[in-house]
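Heads up, the thing below is written out as structure tokens.
Note on naming: letters A, B, ... go to the chains in the order of the sequence lines (proteins, then strands), and numbering restarts at 1 for each one. Values below: every heavy atom of this structure, side chains too, minus hydrogens, waters and symmetry copies.
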Amino acid sequence: MDEESLLLSLELASGSGQGLSPDRRASLLTSLMLVKRDYRFDRVLFWGRILSLVADYYIAQGLSEDQLSPRKTLYSLNCMEWSLLPPATEEMEMQTSVVKGRFMGDPSHEYEHTELQKVNEGEKVFEEEVVVQIKEETRLVSIIDQIDKAVAVIPRGALFKTPFGPIRVNRTFEGLSSSEAKKLSSYFHFREPVELKNKTLLEKADLDPSLDFMDSLEHDIPKGSWSIQMERGNTLVVLRSLLWPGLTFYHAPRTKNYGYIYVGTGEKNIDLPFML
Amino acid sequence: MGDLPPDPEPPPQPTSSRRNSQVSERRRSREHSRPQPTVPGEVQQVPLDAQILRSSREMVSNQINRGWSQGASLTPNENFIFQAEEAQRGGIEYPSLNTGFPSEVQPQTYPSEGRLQASHNASLMLQQLQQGKGNLFQQLESAYQEPRADLLGQYTRYQREDLQFSQGTQHGPYLRDDPVLQFSPSELGFMPFNVEVPEPDPRELAVQNAKAYLLQTSVNCDLSLYEHLVNLLTKILNQRPEDPLFLLESLNRTTQWEWFHPKLDTLRDDPEMQTTYEMAERHKALFSQSGGGEGEQEMEEEVAETAVPNIMEKAFYFEQAGVGLSSDESFRIFLALKQLVEQWPIHTCRFWGKILGLRRSYLVAEVEFREGEEEVEEEEVEEVMEGGEVMEAHGEEEGEEGEEDEEKVTDVIPKPTWKPPPVVPKEESRNGTNKYLYFVCNEPGQPWVRLPHVTPIQIVQARKIKKFFTGFLDAPVISYPPFPGNEANYLRAQIARISAATHISPLGFYQFGEEEGDEEEEGGAGRDSYEENPDFEGIPVLELVDSMANWVHHTQHILPQGRCTWVNPLQKTEEEEELGEEEEKADEGIEEVEQEVGPPLLTPLSEDAGSLRTSTSAGATSTVLRISTRPCQPLFSKSTPAARRSWR
């Protein structure tokens with residue numbers, strides 16, 4: 001959610017039950033402003049909170065002018081001091097895929113994972129047990145990246161593509177209408193498009209190239225991995241991801257308010273197909 | 001208007017109107033500078049216009065060809081348009097035009113309308129004037145040269161050409177080569193057009209082309225770029241926003257949008273917002289009810305203990321911990337609970353929490369009825385149950401008879417020795433898992449629905465499956481192993497499990513009652529009631545955070561059987577023993593069922609199964625006055641532990 005409208009956004013996203021305590025909110029307001037100044041970000045988003053055993057991680061992301069360029073991620077344990085996280089790589093993702101369970105809460109904590117590795121000693125091949133140590137920071141980075149790629153949501157029309165390439169925030173976005181807001185096709189993944197090129201020409205003909213340049217949520221697998229609800233007496237549409245439980249996207253139709261926040265344990269819901 | 005004289009070569013109507021408007025546009029631009037230099041020029045212009053207008057009016061009414069060329073006829077209208085625009089631009093006084101004019105003159109205020117009307121009028125006049133005489137030119141020319149005497153020289157060429165040019169514009173550059181146009185009317189035997197048409201200036205030609213292009217209507221709609229720009233500029237000029245360049249894009253979009261979405265009639269409601277308004281009405285009813293209730297209480301001054309809890313206070317504490325719904329949502333829940341208390345005979349009531357569902361969510365309230373109030377409801381439920389059992393008994397008997405018949409005819413088919421496991425009876429109301437009653441609703445303002453009591457088999461099955469809630473109580477729960485019941489039962493089972501596992505309080509807050517029965521009599525299950533400790537002094541926050549032994553469960557643990565107090569299922573087979581002896585023998589083969597024992601009430605959390613770190617965590621918020629504990633076990637069904645704690 002945008003740091004500029006933080007209080008309103010937290011209020012609107014509170015339907016999921018998890019939010020922020022007043023002291024955290026107050027500290028976020030000041031610290032995010034300073035982060036914006038120090039790192040020269042164009043926009044700062046409060047990404048959310050990862051619940052861990054000892055202390056929670058508060059995550060923020062900074063964007064530059066081009067909205068789809070890689071975002072910088074920062075984390076903090078007390079909402080005041082923010083540290084930059086390294087960008088995520090595929091290697092990190094592979095490493096952390098073996099780690100299960102909750103986050104510890106200590107960024108320097110190391111998970112130990114024993115692997116059987118084949119070691120060549122001359123002509124003999126041994127299988128040795130190697131203990132691989134994975135830092136919690138790495139795990140944090142990769143989880144945030146996965147969540148972003150999988151479930152970060154933006155409504156259609158909020159960003160538009162200029163003819164020169166960069167993606168800009170659409171200042172004239174007045175919100176989706178009530179009927180559009182209930183359809184999954186009006187929401188896009190906030191990431192580089194992956195499936196767009198697989199569309200048939202017939203489908204592409206109906207798209208507006210300046211607005212429809214990202215993947216829509218409609219074709220997510222498994223089908224039904226999004227729960228879309230109206231709250232607050234029909235004035236707020238809330239999307240909740242079932243794949244990463246804890247991600248809430250809200251939008252008030254016909255207004256400019258929208259945003260998403262993740263408050264959860266950072267664990268993917270592998271049982272999703274069975275639970276539907 | 002009467003019969004229009006037939007045109008030998010009638011120009012196509014729309015193009016003529018367009019071209020007339022082109023002309024009017026040109027005239028506008030040309031005449032823009034006309035009144036600027038001197039006021040006397042304007043004054044001079046006015047009587048001239050009056051003349052022209054009057055004459056044109058007469059001509060129109062009488063349908064006599066007075067020899068006014070189209071150019072002349074166009075001029076007064078154009079003047080109107082032009083001066084109307086001028087007035088809009090906030091410059092020149094419009095009423096100056098009115099002074100010299102007869103009342104017939106209708107000033108046209110809106111430029112586009114005026115332009116269209118003017119072009120329409122002009123086209124009509126055009127048709128009527130097809131047969132104007134050439135000599136009238138000279139009259140007109142002389143008339144025109146008067147005001148132009150004091151104008152700048154650059155306009156001189158327009159003097160001669162304007163009339164002729166106006167005729168030429170209706171045909172555009174394409175008919176330039178028409179020999180008819182090259183000659184003056186007097187040289188031709190007949191006069192299809194009454195004006196000479198010289199070659200249009202290339203610059204003017206370019207302007208015409210540009211304007212024709214702008215006036216093209218788009219394929220999708222009837223709006224042409226020209227009209228849209230006119231609308232946009234008019235809007236900007238009317239509203240005069242600050243920094244219009246910055247807002248240009250948004251204004252562009254809104255103008256376009258408004259063209260296709262005219263504002264709805266005030267008598268009609270917006271159909272999209274209908275459901276929203278209905279919900280708002282329902283919420284309003286919630287507020288008005290509560291308002292009435294409060295008024296009555298104040299009047300009566302009864303010190304009645306309302307069963308409704310202080311939701312706002314609890315919400316405040318939860319907010320400190322970072323958990324909970326927003327404050328207005330909490331207030332609405334408070335009002336809804338008040339409504340619930342009024343409807344049912346409730347002794348205590350508590351907001352249990354919110355369970356998120358796929359399509360709708362559930363708000364759950366935990367209540368206890370007053371003594372003796374519950375029985376009416378329970379009887380109905382029991383009747384249904386008994387009916388079900390009778391059906392099952394019939395089914396069994398029929399099955400046995402069928403098998404006996406077959407015995408005589410063919411080989412003995414071995415009877416299956418499998419007997420369905422005996423049904424563990426559910427607990428009584430106010431005991432164990434059914435200690436409290438639960439009401440649910442989807443949103444505050446909607447009626448509260450009561451959940452049925454939970455049976456042990458439902459709890460056992462609920463432990464094995466993991467499903468999302470849809471939000472509809474009568475939805476089936478399709479799972480494997482199959483769940484006996486619908487979503488209402490599943491919801492109730494999950495509520496029971498959550499309550500039993502996570503309701504905790506600080507050590508010493510509750511204590512056991514003074515009357516202690518024999519442990520043996522109660523089946524070794526321990527005490528099942530507690531009461532508040534009046535001497536509780538509170539434990540320092542740091543101690544609460546550090547050690548889990550300072551927290552205790554105050555709900556009964558649910559045994560693997562699905563109940564809180566153990567019941568030997570075999571003892572209940574007294575009814576079945578009457579049916580036949582075979583079953584008794586079968587019973588002997590079954591292993592003796594062991595009595596299940598669970599941890600007694602008020603067991604500290606440190607005794608919880610699983611490593612402490614992963615089962616519960618405690619942390620202090622930075623205000624240090626409050627601490628929060630959070631269960632770390634993965635909770636099924638996306639339930640949020642909002643407001644489920646019962647510590648103070």
Side-chain angles (χ1 to χ4, degrees), chain A residues 10-25 27 49 51-56 78-80 101-102 104-105 170-174 177-181 224 226-236 238 240 242 245-246 248 253-254 263 265 267 269 271-272 274-276, chain B residues 249-254 257 270 272-273 275-283 318-329 332 353-354 356-361 443-445 465-468 471 479-480 613-614 617 619 621-623 626 628 630 632 634 636-643:
Chain A
L10 282 174
E11 182 95 1
L12 292 176
S14 64
S16 310
Q18 298 274 13
L20 291 178
S21 53
D23 53 338
R24 295 279 181 237
R25 255 183 269 156
S27 32
R49 182 170 145 203
L51 308 171
S52 52
L53 290 181
V54 174
D56 296 338
N78 58 1
C79 277
M80 257 305 157
R102 300 284 298 267
M104 282 299 148
N170 186 2
R171 301 247 171 248
T172 66
F173 176 60
E174 287 294 336
S177 67
S178 304
S179 53
E180 272 181 31
W226 287 95
S227 138
I228 184 164
Q229 282 181 27
M230 302 296 291
E231 286 201 1
R232 286 173 171 253
N234 237 21
T235 56
L236 184 70
V238 175
R240 292 202 181 93
L242 304 178
T248 313
R254 301 192 179 194
V263 181
T265 61
E267 286 169 320
N269 183 13
D271 302 326
L272 177 64
F274 300 102
M275 289 175 79
L276 288 173
Chain B
E249 245 176 65
S250 68
L251 284 174
N252 187 24
R253 289 251 170 212
T254 27
W257 193 85
D270 191 0
E272 274 194 357
M273 299 289 284
T275 33
T276 318
Y277 293 147
E278 279 168 28
M279 295 295 295
E281 291 277 340
R282 213 175 291 161
H283 284 170
F318 281 119
E319 198 189 351
Q320 299 291 315
V323 169
L325 308 168
S326 61
S327 50
D328 56 315
E329 194 73 22
R332 271 189 227 144
K354 179 173 177 182
L356 303 173
L358 292 181
R359 310 243 296 276
R360 302 192 297 196
S361 304
E443 265 210 49
I465 64 175
K466 197 171 170 187
K467 292 291 275 183
F468 284 122
S479 63
Y480 187 76
R613 296 213 78 191
T614 52
S617 71
T621 61
S622 51
T623 53
R626 330 251 171 265
S628 68
R630 232 181 288 123
C632 303
F636 299 153
S637 324
K638 276 176 52 198
S639 54
T640 56

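- The minimum heavy-atom distance between B:L358 and A:S227, with the atom names listed, is O-OG, 2.8 Å.
- Between the side chains of B:E329 and A:S14, no donor-acceptor pair of N or O atoms lies under 3.5 Å.
- Neither the backbone nor the side chain of B:S479 comes within contact range of chain A, judged by heavy atoms closer than 4.5 Å.
- Note: A:N234 CG to B:Y277 OH = 11.5 Å, rounded to the nearest 0.5 Å.
- Between chain B and the residues A:G15, A:A13, A:A55, the largest count of heavy-atom pairs under 4.5 Å involves A:G15.
- Annotation: the span from A:L272 atom CG to B:K466 atom NZ amounts to 10.0 Å, rounded to 0.5 Å.
- Side chain of A:S21 to main chain of B:G322: no donor-acceptor pair is present (N/O by atom type, distance under 3.5 Å, no hydrogens or angles).
- If you measure heavy-atom distances from A:N269 to chain B, the contacts under 4.5 Å come from the side chain alone.
- Checked against salt bridge (Lys or Arg N to Asp or Glu O under 4.0 Å), A:R232 has the following partners two or more places apart in sequence or in another chain: B:D328.
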task: With side chain to side chain contact (heavy atoms under 4.5 Å, CB included) as the test, would you mind laying out the steps for A:R25 and B:E319 before giving the verdict?
output: CA-CA 11 Å; A:R25 255 183 269 156; B:E319 198 189 351; 2.7 Å; yes
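- At distances below 3.5 Å, at least one donor-acceptor pair connects side-chain atoms of A:Q229 with backbone N or O atoms of B:G357.
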